[in-house]
Amino acid sequence: MNVSVSQVKELRERTGAAMIECKKALVETGGDLEAAVSHLKKKGLLDAEKKSGREAREGLIEAYIHPGSRVGVLVEVNCETDFVARTDEFKNLVRNIALQIAALSPVSVGRDAIPADILEKEKARHREEALALGKPANVVEKIVEGRMEKFYTEICLLDQLYIRDPEKKVSDLIKEHIATLGENIVVRKFSRFALGE
């Protein structure tokens, strides 16, 4: 199947993928632009999963002070090369992550950073609440599981819904950028400051 240069160009503008990848996607989908976009997203997310194990030691530290100077954030986001760290796309990602932290005040980057004793206390609290309602034991564990998932979305940055697109999590946003930029991206750490806290 022959695809036109204008189709390839349009697909590249919509996805940011390489020209050769755009052409392959259009050929594989029979010239269907929407199917090609979907195909590239799936391929990009699969590639992002493969890259997640690679070492990321370059990157940026972003400082964000909310207007009125009542909330401030410092966040370190790493990538693999300083070349990517200097791109506008990476800088915008880091800035948006800082805004996310300022807006929703997560406690940790991910689930693995939450101390075990805090997790156990939270589970015990939800278990007691469910038992007080007279729920059977097998239902209690499902209730605890569901409430813990909600707990994670409140305190873990990567599990939070992205403030600019509540259809995806922050982790999905990062995976999209890994796919687009072609490098592993890791939120290493952050600190959030609020006046009077």
Side-chain angles (χ1 to χ4, degrees), residues 1-62 64 73 75-104 106 109-112 145-146 149-150 152-154 156-188 190:
M1 150 123 209
N2 280 343
V3 292
S4 70
V5 174
S6 62
Q7 286 177 301
V8 174
K9 187 176 178 187
E10 184 179 350
L11 183 58
R12 177 171 167 70
E13 286 171 3
R14 285 186 60 184
T15 64
M19 294 290 269
I20 191 79
E21 294 298 325
C22 291
K23 184 175 181 181
K24 284 181 190 175
L26 283 165
V27 169
E28 287 179 28
T29 58
D32 183 344
L33 191 62
E34 294 304 317
V37 168
S38 178
H39 174 78
L40 285 173
K41 276 188 179 179
K42 286 178 191 168
K43 183 182 182 315
L45 292 176
L46 288 174
D47 289 347
E49 290 296 324
K50 291 177 194 171
K51 290 175 181 152
S52 67
R54 297 193 332 205
E55 186 173 357
R57 292 281 173 217
E58 294 295 327
L60 296 174
I61 294 176
E62 174 74 20
Y64 170 75
V73 172
V75 62
E76 178 184 350
V77 182
N78 298 129
C79 57
E80 295 175 42
T81 64
D82 64 337
F83 174 77
V84 166
R86 290 190 307 256
T87 64
D88 288 339
E89 191 166 350
F90 185 79
K91 289 176 183 175
N92 288 336
L93 170 66
V94 176
R95 178 97 174 142
N96 286 331
I97 290 172
L99 289 171
Q100 176 85 20
I101 295 165
L104 297 184
V109 173
R111 296 178 183 198
D112 55 341
E145 241 178 72
E149 284 300 316
K150 185 176 185 318
Y152 293 134
T153 63
E154 292 170 357
C156 298
L157 174 65
L158 296 178
D159 285 313
Q160 288 181 338
L161 296 177
Y162 180 45
I163 55 173
R164 294 188 177 204
D165 183 359
E167 296 294 314
K168 61 183 162 193
K169 293 181 178 184
V170 173
S171 59
D172 298 329
L173 173 72
I174 292 169
K175 284 178 188 171
E176 287 174 5
H177 280 78
I178 291 171
T180 305
L181 295 170
E183 289 191 5
N184 189 21
I185 297 171
V186 177
V187 179
R188 189 74 59 202
F190 66 85

(message) Minimum heavy-atom separation for N184 and E80, please, with both atom names.
(response) N-OE2, 2.6 Å
(message) How close do T180 and E89 get, counting heavy atoms only, and between which atoms?
(response) CG2-OE2, 3.2 Å
(request) Would you indicate whether the side-chain heavy atoms of D165 and K168 approach each other to under 4.5 Å? (result) yes
(request) Give the C-alpha distance, both sets of side-chain angles, the deciding distance and a yes or no for salt bridge (Lys or Arg N to Asp or Glu O under 4.0 Å) between K150 and E154. (result) CA-CA 6 Å; K150 185 176 185 318; E154 292 170 357; 2.6 Å; yes
(message) Quick check for you: to the nearest 0.5 Å, what is the distance between L181 atom CG and F83 atom CZ?
(response) 9.5 Å
(request) Provide the closest heavy-atom pair for T29 versus A36 in the form atom of the first, atom of the second, distance. (result) OG1-CB, 3.6 Å
(request) Measure the spacing between OH of Y162 and CD of E176 and express it to the nearest 0.5 Å. (result) 9.5 Å
(message) When you compare the side chain of I185 with that of F90, does any pair of heavy atoms fall below 4.5 Å?
(response) yes
(request) Dump the intermediate steps for side-chain contact (heavy atoms from CB on, under 4.5 Å) on H177 and I174, then the final yes or no. (result) CA-CA 5 Å; H177 280 78; I174 292 169; 5.8 Å; no
(message) Assess the residue pair V77 and E62 against the criterion (side-chain contact (heavy atoms from CB on, under 4.5 Å)); give the C-alpha distance rounded to whole Å, side-chain angles, the decisive distance to 0.1 Å, and a yes or no.
(response) CA-CA 8 Å; V77 182; E62 174 74 20; over 6 Å; no
(message) Tell me which one of L157, L161, V73 satisfies side chain to side chain contact (heavy atoms under 4.5 Å, CB included) with Q100.
(response) L157
(request) Could you check R188 against R57 for side-chain contact (heavy atoms from CB on, under 4.5 Å), going step by step and ending with a plain yes or no? (result) CA-CA 10 Å; R188 189 74 59 202; R57 292 281 173 217; 3.8 Å; yes
(request) Nearest 0.5 Å please: distance from the OG1 atom of T153 over to the CG atom of L158. (result) 12.5 Å
(message) Using 0.5 Å steps for rounding, measure from the CG atom of D88 to the CG atom of L93.
(response) 12.5 Å
(request) Kindly check if the number of other-residue, nucleotide or ligand heavy atoms within 6.0 Å of NZ (K9) is above 12? (result) no
(request) Any chance you could measure C156, atom SG, to L104, atom CG, to the nearest 0.5 Å? (result) 12.5 Å
(message) Show the nearest heavy-atom pair for residues E76 and N78, with the distance to one decimal.
(response) OE2-ND2, 3.1 Å
(request) Please test Q7 against L33 for side-chain contact (heavy atoms from CB on, under 4.5 Å), starting from the C-alpha separation and ending with a verdict. (result) CA-CA 8 Å; Q7 286 177 301; L33 191 62; 5.6 Å; no
(message) Which heavy atom of Y64 sits nearest to which heavy atom of A102, and what is that distance?
(response) CE2-CB, 3.7 Å
(request) Report yes if some heavy atom in the side chain of E183 is under 4.5 Å from a heavy atom in the side chain of I178; otherwise report no. (result) no
